[in-house]
Amino acid sequence: MSVFLLTGCRGNPSQPTPPQVPDPPKISCPAPVSAQSRDGQPTPVIYDLATATGGAPPIIVMCSPASGSVFQIGATSAECIATDQRQRIDTCLFTITLTAPPKISLTRFLAFGDSMTAGEVDAPNTVRGLAVHPELS
């Protein structure tokens with residue numbers, strides 16, 4: 001029987017270093033958004049994208065309702081979700097506020113005579129409210 005002595009393998013065998021696991025993703029939502037409707041009707045609103053850091057790439061960021069969606073007058077909550085390759089998620093919320101255009105407080109008009117309908121009182125030698133010089137006619 002032969003005995004082999006290995007001199008190069010002395011000491012305790014070392015364990016392999018486990019791969020480093022990245023931190024879960026962290027998402028940052030855009031600042032609250034304020035927009036104004038031109039005509040008081042629902043209006044599309046475009047907002048900045050949410051950003052994500054950390055996590056195992058690729059990281060997918062989705063927001064609902066999406067930027068460019070049509071929003072009703074008033075405040076709407078939006079949620080953004082970041083999902084990494086390991087299916088870990090982080091969420092954030094922000095508000096989109098759509099306001100109606102300002103209205104004048106007085107909506108009644110009072111007219112005297114026919115100045116609102118004809119522009120001027122018709123007089124002799126006038127055409128459509130313009131005076132005609134006698135030497136030009």
*Which heavy atom of Thr76 sits nearest a heavy atom of Pro65, and at what distance?*
CG2-CG, 4.4 Å
*What is the minimum heavy-atom distance between Gly40 and Pro101, and which atoms define it?*
N-CD, 3.4 Å
*Any salt bridge (charged side-chain N to carboxylate O under 4.0 Å, His left out) pairs touching residues 56-83, not counting sequence neighbours?*
none
*Qualifying salt bridge (charged side-chain N to carboxylate O under 4.0 Å, His left out) pairs, either residue in residues 39-48, two or more places apart*: none
*Supply the atom-to-atom distance Asp23 CG to Asp90 CG, rounded to the nearest 0.5 angstrom.*
11.5 Å
_Please enumerate all residues that pass side chain to side chain contact (heavy atoms under 4.5 Å, CB included) together with Ala50, with sequence neighbours excluded._
Ile27, Pro30, Val61, Cys63, Cys80
*Can you list every ring-ring contact (aromatic ring centres under 6.0 Å, His included) pair that touches residues 19-73, not counting sequence neighbours?*
Tyr47-Phe94
*Shared-cluster residues of Ile89, by chain and number - hydrophobic side chains joined below 4.5 Å*: Ile81
_Suppose we screen for side chain to side chain contact (heavy atoms under 4.5 Å, CB included). Which residues come up paired with Ile73, at least two apart in sequence or across chains?_
Ser37, Leu98, Ala100
*Who else is in Val70's hydrophobic cluster (ILVMFWY, side-chain heavy atoms under 4.5 Å, direct or via others)?*
none
*Cluster partners of Ile46, using ILVMFWY side-chain heavy atoms under 4.5 angstrom, listed by chain and number?*
none
*By the rule that ILVMFWY residues connect when side-chain heavy atoms come within less than 4.5 angstrom, directly or transitively, which residues belong alongside Ile60?*
Met62
_Contacts of Gln85 that satisfy side chain to side chain contact (heavy atoms under 4.5 Å, CB included) - sequence neighbours left out_ = Ala56, Pro58
_For the CG atom of Leu49 and the SG atom of Cys29, what is their distance to the nearest 0.5 Å?_
11.0 Å
_Residues which pass side chain to side chain contact (heavy atoms under 4.5 Å, CB included) with Ser34, listed by chain and number, not counting sequence neighbours_ = Thr97
_For Asp84, all residues meeting side chain to side chain donor-acceptor pair (under 3.5 Å), sequence neighbours excluded_ = Arg88
